[in-house]
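The structure appears below as structure tokens.
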Amino acid sequence: MNVMTTCALRKQKLVSQIITFIFIGIVGAPISGVLQKTYAADTEAASAATPLNTLSPLLDDLYTVLSISFVAILFGIACAFYLQEWLPQTNWVRRFIESVVAILGGVPSIFYGILAIGIFFTDAGTLKTVGIVRGPQDIGDGSALGPLSFQYDTPVFYIVVLTFILMVTPMTIKTTQAALRSVATPIREATYALGASHWQVLRRQVIPIALTRILATGCRAMSSALATVALIFGIYIWQYTNGPREMSNRFILFLSGALFLSIFSSVLIKLCASASADPTHPTR
Amino acid sequence: MKNKIEISDLQVHYRDTSALNKVSFDVHENEILGIIGPAQSGKTTLLKVINRTLEFVPEASMDGTVKLDGVDISTMGDIYGLRRRIGMVLPLPVGLPLSIYDNVAFAPRAAGLRSKSQLDELVERCLQQAALWDEVKDRLSTLGTKLSGGQQQRLTIARALSHQPEVLCLDEFSIAIDPVTTMRIEEVLKTLQKEMTILLVTNLVQQAKRLATRTAFFLNGDLIEIDSTDVIFSDTPAQQATYDYINGTFG
Ligand SMILES: Nc1ncnc2c1ncn2[C@@H]1O[C@H](COP(=O)(O)OP(=O)(O)O)[C@@H](O)[C@H]1O
Ligand SMILES: [Mg+2]
């Protein structure tokens with residue numbers, strides 16, 4: 001009977017991996033299509049100069065990116081809790097999602113950046129019709145050009161949101177699960193042995209212990225979201241404007257935001273490592 | 001004599017390895033049952049079955065019945081209530097990352113006790129029973145994990161007593177404690193015996209000899225022998241293996 005179960009488990013794992021690859025294929029096909037289109041993109045229309053940015057739309061964009069990634073991170077944390085704390089390790093949904101996450105989470109974020117760039121700058125015509133950006137082409141006379149910024153309620157905007165979720169969520173799920181796993185089993189067992197319910201164990205032990213790491217996780221994911229957007233703007237500057245000055249405010253804002261968040265998350269991790277100076281080796 | 005726990009045909013497998021094979025015995029009320037045996041003989045597994053924490057080990061499967069006060073524990077709906085009736089002390093001290101006070105007050109709070117004065121009283125009593133009160137009474141708000149290994153182990157004992165269990169299971173509790181403290185706790189166990197039933201898993205056979213009313217000898221998942229401690233430690237226990245193990249001429 002035992003041999004049978006091991007066999008069945010292995011089969012289940014194989015099936016979930018195959019499904020994952022198919023899934024990746026489904027997602028991957030449009031990405032490569034977009035990349036091809038990018039290559040053939042018409043850069044002519046965008047070559048007109050953009051004016052210096054004002055602060056308000058700049059913060060607008062930051063706000064948009066932060067809120068999208070915030071939602072994606074919350075979603076990822078919720079998923080991780082559900083997978084790690086409620087589903088048994090042998091559950092096929094959990095195995096499937098974990099395989100997807102393992103693969104998506106391993107993709108460097110620059111690929112998502114390229115995907116987003118592809119969508120942003122497909123070609124001038126598309127840009128204009130779908131109105132993803134309020135760019136140079138939108139205004140006729142060139143003297144009152146609006147700055148480039150996100151435009152909501154367009155299909156492409158939602159694709160960008162999806163890109164973010166695709167990038168941020170797996171990262172968050174993976175690291176949050178690791179944080180939850182890091183709460184030592186003896187602590188859980190000891191708490192259960194005291195007659196605590198699952199929810200009490202989570203609220204009183206697991207969450208307080210894992211919280212710092214989960215926060216650090218969120219910061220890191222947000223940092224990579226900002227870095228990706230900075231990359232998009234960077235490429236925009238490089239490709240579509242005459243001088244480096246026009247978009248550089250935004251580029252620098254996002255890049256420094258990303259840098260700040262990643263340093264902040266490292267500090268958090270450092271802090272929690274020293275705070276929880278391991279209970280298995282008492283000091284005195 | 002009344003039976004507190006009745007175990008019949010208990011079998012536990014971890015995937016391919018079998019940890020307990022068809023074990024049957026009873027634990028009498030208000031006795032200290034010493035459980036001895038070499039490592040890997042299924043002692044810890046037995047305790048996990050009794051407080052139903054074996055359910056957290058996904059690869060474990062169980063067969064047979066365990067009755068507490070005549071009720072099959074696998075049919076009990078309130079599993080948290082069951083665990084509160086059983087105090088568990090694990091071999092390595094696990095200080096919950098809470099203050100000393102909160103460590104001990106955790107279980108009563110989880111069970112719904114809110115009154116500050118009652119909690120204070122309970123915490124003091126449990127810490128005293130665990131022979132820890134004098135050392136920590138001035139710093140109840142420091143982290144439990146900041147205590148020394150031996151102190152943490154006594155904190156675990158105080159915690160196990162905090163929900164006033166009917167059965168107290170101790171799994172090699174003296175591993176991290178010095179001999180003097182061990183002696184103090186052994187004295188406490190003797191007095192606790194009047195209030196509760198104690199299952200004392202120990203790797204020190206002399207500890208079982210000092211404390212236990214009856215002693216069970218486990219070997220590779222089999223219950224070799226269970227009898228009154230005098231018989232087990234005499235020159236003529238029923239099984240030769242028991243004699244060999246106790247006298248250190250095993251194998
Ligand atoms: N979580 C586990 N997974 C697989 N095997 C286990 C697990 N826990 C215990 N075992 C096995 O069960 C047997 C009994 O172990 P245990 O109950 O810990 O014995 P003891 O407490 O007497 O040392 C051993 O062979 C051990 O390897
Ligand atoms: Mg053991």
Side-chain angles (χ1 to χ4, degrees), chain A residues 1-10 12 84-92 94-95 179-213 272-284, chain B residues 13-18 47-48 51-59 61 78-98 102-111 143-153 155-156 159-160 162-163 165 169 171 176:
Chain A
M1 174 213 128
N2 292 319
V3 183
M4 284 276 289
T5 21
T6 341
C7 230
L9 284 180
R10 220 174 274 147
Q12 214 177 35
Q84 188 69 30
E85 301 292 336
W86 273 276
L87 291 184
Q89 208 142 29
T90 46
N91 182 293
W92 74 268
R94 175 167 169 179
R95 288 160 160 272
L180 291 175
R181 260 197 302 270
S182 78
V183 179
T185 326
I187 290 186
R188 291 168 189 261
E189 280 183 357
T191 317
Y192 275 119
L194 292 174
S197 66
H198 187 74
W199 173 239
Q200 281 168 330
V201 173
L202 275 185
R203 190 168 59 89
R204 304 284 298 279
Q205 300 294 337
V206 176
I207 296 180
I209 298 171
L211 188 65
T212 340
R213 274 186 70 176
C272 79
S274 61
S276 66
D278 48 350
T280 46
H281 301 286
T283 42
R284 266 165 291 138
Chain B
H13 288 276
Y14 292 102
R15 231 169 248 157
D16 307 325
T17 54
S18 131
L47 298 188
K48 282 188 179 175
N51 80 343
R52 283 182 66 178
T53 47
L54 191 71
E55 292 167 19
F56 298 126
V57 184
E59 56 265 33
S61 62
D78 181 12
I79 185 167
Y80 309 120
L82 167 71
R83 293 202 188 115
R84 254 179 249 127
R85 292 170 65 189
I86 294 163
M88 181 68 72
V89 177
L90 302 169
L92 285 174
V94 183
L96 299 180
L98 301 168
D102 289 341
N103 257 283
V104 184
F106 187 95
R109 278 189 187 137
L143 269 181
T145 47
K146 289 271 192 293
L147 295 172
S148 76
Q151 287 172 325
Q152 283 199 36
Q153 185 58 293
L155 184 61
T156 333
R159 220 167 49 204
S162 70
H163 41 101
C169 302
D171 193 355

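Reminder, nothing fancy here: chain letters follow the sequence lines and each chain counts from 1. Just so you know, these numbers come straight off a predicted model, no measurement behind them.
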>> For B:Thr156, give me all partners under side-chain hydrogen bond (donor to acceptor under 3.5 Å, both in side chains), at least two apart in sequence or on another chain.
In response: B:Gln153
> Which atom names give the shortest non-hydrogen contact between B:Arg83 and A:Gly195, and what distance separates them?
Replying inline: CB-CA, 3.9 Å
> With a 4.5 Å heavy-atom cut-off, do B:Leu90 and A:Pro186 have their side chains touching?
Replying inline: no
> Tell me, side chain or backbone of B:Leu98 under 4.5 Å from chain A's heavy atoms, or both, or neither?
Replying inline: side chain
>> Distance check, rounded to the nearest 0.5 Å: A:Thr191 atom OG1 versus B:Leu96 atom CG?
In response: 4.5 Å
> Could you state the interatomic distance from CG (B:Leu54) to CD (A:Glu189), rounded to the nearest 0.5 Å?
Replying inline: 9.5 Å
> Looking only at heavy atoms, which two atoms of B:Arg159 and A:Ala190 are closest? And how far apart?
Replying inline: NH2-CB, 3.8 Å
>> Please evaluate residues A:Tyr192 and B:Met88 with respect to the criterion side-chain contact (heavy atoms from CB on, under 4.5 Å), reporting the C-alpha separation (whole Å), side-chain torsions for both, the decisive distance (0.1 Å), and the verdict.
In response: CA-CA 10 Å; A:Tyr192 275 119; B:Met88 181 68 72; over 6 Å; no
> With B:Pro108, which residues qualify under side chain to side chain contact (heavy atoms under 4.5 Å, CB included), at least two apart?
Replying inline: B:Leu113, B:Leu119, B:Leu122, B:Ser162
> Which heavy-atom pair separates B:Ala107 from A:Leu194 by the least distance, and what is that distance?
Replying inline: CB-O, 3.7 Å
>> To the closest 0.5 Å, what do you measure between CZ (B:Phe106) and CD (A:Gln200)?
In response: 6.0 Å
> Are the side chains of A:Thr90 and B:Pro58 in touch, meaning some heavy atoms are under 4.5 Å apart?
Replying inline: no
